[in-house]
Amino acid sequence: MDHKRTLSFVTELWDDSIIPQLVEYVKIPNKSPHFDPNWAEHGYMDEAIKLASKWCEQQSIPGMKVETVRLEGRTPLLFIEIPGEGDDCVLLYGHLDKQPEFTGWEDDLGPWKPVIRDDKLYGRGGADDGYAVFGSLTAILALKEQQIPHARCVVIIECCEESGSYDLPYYIDALKDRIGVPSLVICLDAGAGNYDQLWCTTSLRGNVVGNLRVDVLNEGVHSGLAGGMAASSFRILRKIMDRIEHPDSGEILLKEMHAEIPQQRKEQAVATAKILGNEVFDHLPFVDGMQPEFDDPYELIMNNTWRPCLAVTGQDGMPDFANAGNTLRPYTSVKLSFRTPPTTDPILAGESLKTVLEKETPKGAKVTFEIDSAMGGWNAPPVADWLDETMQKSSQAFFGADAIYWGMGGSIPFMGMLGEKFPEAQFCVTGLLGPKSNAHGPNEFLHIPTGKRLTACVAKVLMDHHTRNK
C-alpha cells in the first residue's frame with residue numbers, strides 16, 4: 001500500500017462527499033426508538049437510512065449489493081455485501097439512530113444544526129455514529145483504487161443501538177446465512193483518548209437501568225400539617241440508596257456488581273495513564289473548583305472501565321420550582337443507571353439490586369425497584385499477533401504514533417452479542433469519540449482529521465487481514 005496515496009484518496013472523498021452527507025444527516029432528528037416511540041410514524045429513521053443507502057449505491061464497488069432490510073415491527077437495517085477474494089469474511093458495524101437533544105448547547109450550535117468549525121462537525125450523531133457507513137465503504141474504495149485485494153465484506157448499519165440494540169439479534173439470525181462466519185469484526189462506534197493515534201477498545205461496560213420509587217402517602221399533604229409526622233419520601237429514598245452506593249466515595253457496595261479485573265487490562269490502563277496523564281479527565285466540563293474522584297489517572301481509568309458506578313439520570317414525583325408548593329409529596333421516583341464491569345452478570349446484578357433496595361423498608365414505606373434493561377458488557381479475546389502488528393503499523397503510517405489498547409466506560413450491546421455468536425473472531429473496535437466530542441450531551445462533534453486517518457487505518461487493516469488469511 002502507498003500510504004500517502006491512500007490518505008490522499010480518503011481525504012478527497014471525505015472533503016468532497018462524506019462531509020456534505022454528514023451535514024445532511026445531522027439535520028435529521030432520527031432519535032432512537034427508546035426516545036421516540038413513534039419513530040415509524042415520524043419517518044426520520046427512514047430518511048436517515050435512505051440518505052446513507054443512496055450514497056452507498058453511488059459508489060463504484062463491483063458486485064456490491066446494498067439493501068435496506070425490514071423485519072415487521074422493527075427498526076430498519078442497512079445491509080451491504082461486497083465480494084472479495086477467498087472464503088473469509090469481515091463484518092463492519094455502525095449505527096444511524098441518535099440520542100435525544102439534551103440541553104446546554106452553545107448559542108450558535110444545536111443537535112440538528114450542523115456547524116463546521118475548527119476541523120469539527122458539530123451536531124448530534126456525526127461521530128456517534130453516522131460516519132461509520134461512509135468510512136467503511138471509503139476504506140474499501142481506497143483498496144480498490146490501488147487494486148489491493150481484500151476478503152468478502154459485510155457492512156451492518158443498525159437503527160436501534162442507542163436503545164440497547166434490541167432489534168439487532170433478530171436481524172443477525174435472519175441474515176446469518178448471508179453473513180457467514182467472520183474472522184474479523186470492525187466496529188466503528190468506540191472512542192479515543194486523544195486525536196493523535198489509533199485507539200483500540202479492549203472492553204466495554206454493561207448497563208443496568210431501573211426505576212426506584214418510594215411512596216409514603218396516597219396523596220400530597222400540606223407540609224405544615226404532615227411535616228414531622230410522616231417521613232419525607234426523598235429522605236427514605238436517600239437512606240435506602242446508601243445501601244448500594246457509598247455516599248462519600250461513590251463505591252458500589254453490592255459484590256454482585258463487581259468483577260475480577262484481568263491483569264492485562266490493568267497493564268493496559270497503566271500504559272494509557274502514562275500517555276494521557278491528566279488528559280484522562282481534563283476533557284470533562286467540571287465547574288470551577290470541582291475535582292475528579294481520584295488524583296491518580298490510573299485509578300480514574302479503572303473506575304471508568306472495570307468498576308461499577310451509578311448515575312441518577314431522571315426523576316418523577318417532584319414538580320419544578322415554579323410549581324413547588326409547601327406540600328409533603330406522596331412519592332419520589334428516580335431512574336438509576338448503573339455501569340457494570342465487562343464480565344458482570346447483568347441479570348444477577350439487577351436481581352441483587354431489587355432485593356437489597358426493597359427489603360426492610362424504613363417506616364414501612366412502599367419501595368419498588370423495576371428494571372428497565374440489563375445488558376452485559378464485553379471483554380475482547382486476546383489480540384492475534386497479526387492484528388496487533390497491523391494496528392501498530394496503521395497507527396504509525398497515518399497518525400505517526402503507536403496504537404493504544406484501552407477499555408471504555410460505555411456500552412455497545414452489539415459487541416457482546418457478536419462475541420457470543422462468533423467466538424473465534426478477532427475484533428478491531430475503534431472510533432472518533434475523543435476528548436470533548438461529548439456524545440449524548442451538548443455540543444457533540446466529529447473531529448474531521450481523525451475521521452480521515454481512521455478510515456485510512458481501516459483500509460490497511462483490511463489489506464493485512466486478507467494477506468494474513470489468504
Side-chain angles (χ1 to χ4, degrees), residues 25 28 30-57 64-83 89-99 125 128-137 140 151-190 204 206-207 373-376 378 411-425 427-429 431:
Y25 167 73
I28 305 172
N30 59 312
K31 292 185 286 189
S32 199
H34 181 78
F35 308 105
D36 182 9
N38 298 317
W39 63 268
E41 291 83 354
H42 291 155
Y44 298 127
M45 205 71 78
D46 285 336
E47 187 179 347
I49 208 162
K50 285 178 183 177
L51 180 148
S53 62
K54 182 179 179 180
W55 183 90
C56 293
E57 290 166 355
M64 177 175 65
K65 296 179 182 179
V66 181
E67 179 183 355
T68 298
V69 185
R70 300 177 187 274
L71 297 179
E72 182 67 28
R74 304 201 176 277
T75 49
L77 179 135
L78 185 58
F79 188 74
I80 305 169
E81 297 176 88
I82 299 171
C89 171
V90 178
L91 176 60
L92 298 101
Y93 166 85
H95 69 87
L96 286 171
D97 56 313
K98 301 176 183 178
Q99 283 279 322
D128 185 25
D129 184 39
Y131 78 95
V133 60
F134 305 105
S136 295
L137 260 63
I140 295 168
R152 183 174 73 91
C153 293
V154 173
V155 183
I156 288 178
I157 307 296
E158 65 159 318
C159 293
C160 191
E161 193 274 343
E162 301 292 4
S163 298
S165 294
Y166 56 75
D167 285 342
L168 189 58
Y170 296 91
Y171 282 106
I172 296 297
D173 289 341
L175 297 166
K176 62 181 180 181
D177 291 338
R178 294 172 65 181
I179 295 172
V181 182
S183 62
L184 174 64
V185 175
I186 298 176
C187 172
L188 299 180
D189 188 30
L204 296 155
N207 195 204
S373 63
M375 300 179 294
W378 173 75
S411 305
I412 305 176
F414 171 79
M415 297 310 304
M417 182 181 67
L418 260 291
E420 292 178 1
K421 287 187 176 292
F422 306 116
E424 300 303 317
F427 289 83
C428 176
V429 182

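Computed from a prediction, not measured in an experiment: that's the story for all the values here.
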Just wondering, are more than 12 heavy atoms of other shown residues or ligands nearer than 6.0 Å to OH in Tyr170? no

Please collect all salt bridge (Lys or Arg N to Asp or Glu O under 4.0 Å) contacts where either partner lies in residues 179-190, sequence neighbours excluded, each pair once. none

Below 4.5 Å, heavy atoms only, C-beta onward: do Leu78 and Val155 meet side chain to side chain? no

For residues 67-82, which residue pairs qualify under salt bridge (Lys or Arg N to Asp or Glu O under 4.0 Å), counting only residues two or more places apart or in two chains? Asp46-Arg70, Glu67-Arg178, Arg74-Asp167, Glu81-Arg178

For Lys98 and Ile28, indicate whether the former's side chain and the latter's backbone hold a donor-acceptor pair under 3.5 Å. yes

Counting N and O atoms only, with roles assigned by atom type, does the side chain of Tyr25 sit under 3.5 Å from a partner on the main chain of Ala52, one being a donor and the other an acceptor? no

I'd like to check the side-chain hydrogen bond (donor to acceptor under 3.5 Å, both in side chains) partners of Ser136; sequence neighbours left out, ordered by chain and number. none

Considering residues at least two apart in sequence or located in another chain, which fulfil the side-chain hydrogen bond (donor to acceptor under 3.5 Å, both in side chains) criterion with Glu161? His95

Taking all atoms of both residues into account, what is the closest heavy-atom pair of Ile179 and Val154, and its distance? O-CG2, 4.2 Å

Assess whether side-chain contact (heavy atoms from CB on, under 4.5 Å) is satisfied between Asp97 and Trp39, documenting all intermediate values. CA-CA 10 Å; Asp97 56 313; Trp39 63 268; over 6 Å; no

Any Leu175 side-chain heavy atom under 4.5 Å of Ile156 side chain: no

Can you confirm whether Val185 sits close enough to Val429 that some side-chain heavy atom of one is under 4.5 Å from a side-chain heavy atom of the other? no

To the nearest 0.5 angstrom, please state how far the OG atom of Ser183 sits from the CG atom of Leu91. 10.5 Å

Hey, are the side chains of Phe35 and Gln99 touching, using non-hydrogen atoms and a 4.5 Å cut-off? yes

Trace of the side-chain contact (heavy atoms from CB on, under 4.5 Å) decision for Leu137 with Met64: CA-CA 10 Å; Leu137 260 63; Met64 177 175 65; 3.8 Å; yes

Looking only at heavy atoms, which two atoms of Cys159 and Thr75 are closest? And how far apart? O-CG2, 3.6 Å

If the condition is side-chain hydrogen bond (donor to acceptor under 3.5 Å, both in side chains), which residues does Ser163 pass it with, not counting sequence neighbours? Ser32

Look up atom CD1 in Ile82 and atom CG in Leu92, then write down how far apart they are to the nearest 0.5 Å. 8.0 Å

Using the ring-ring contact (aromatic ring centres under 6.0 Å, His included) criterion, which residues pair with Tyr93? Sequence neighbours excluded. Phe414

Any heavy-atom pair between the side chains of Val181 and Glu424 that's under 4.5 Å? no

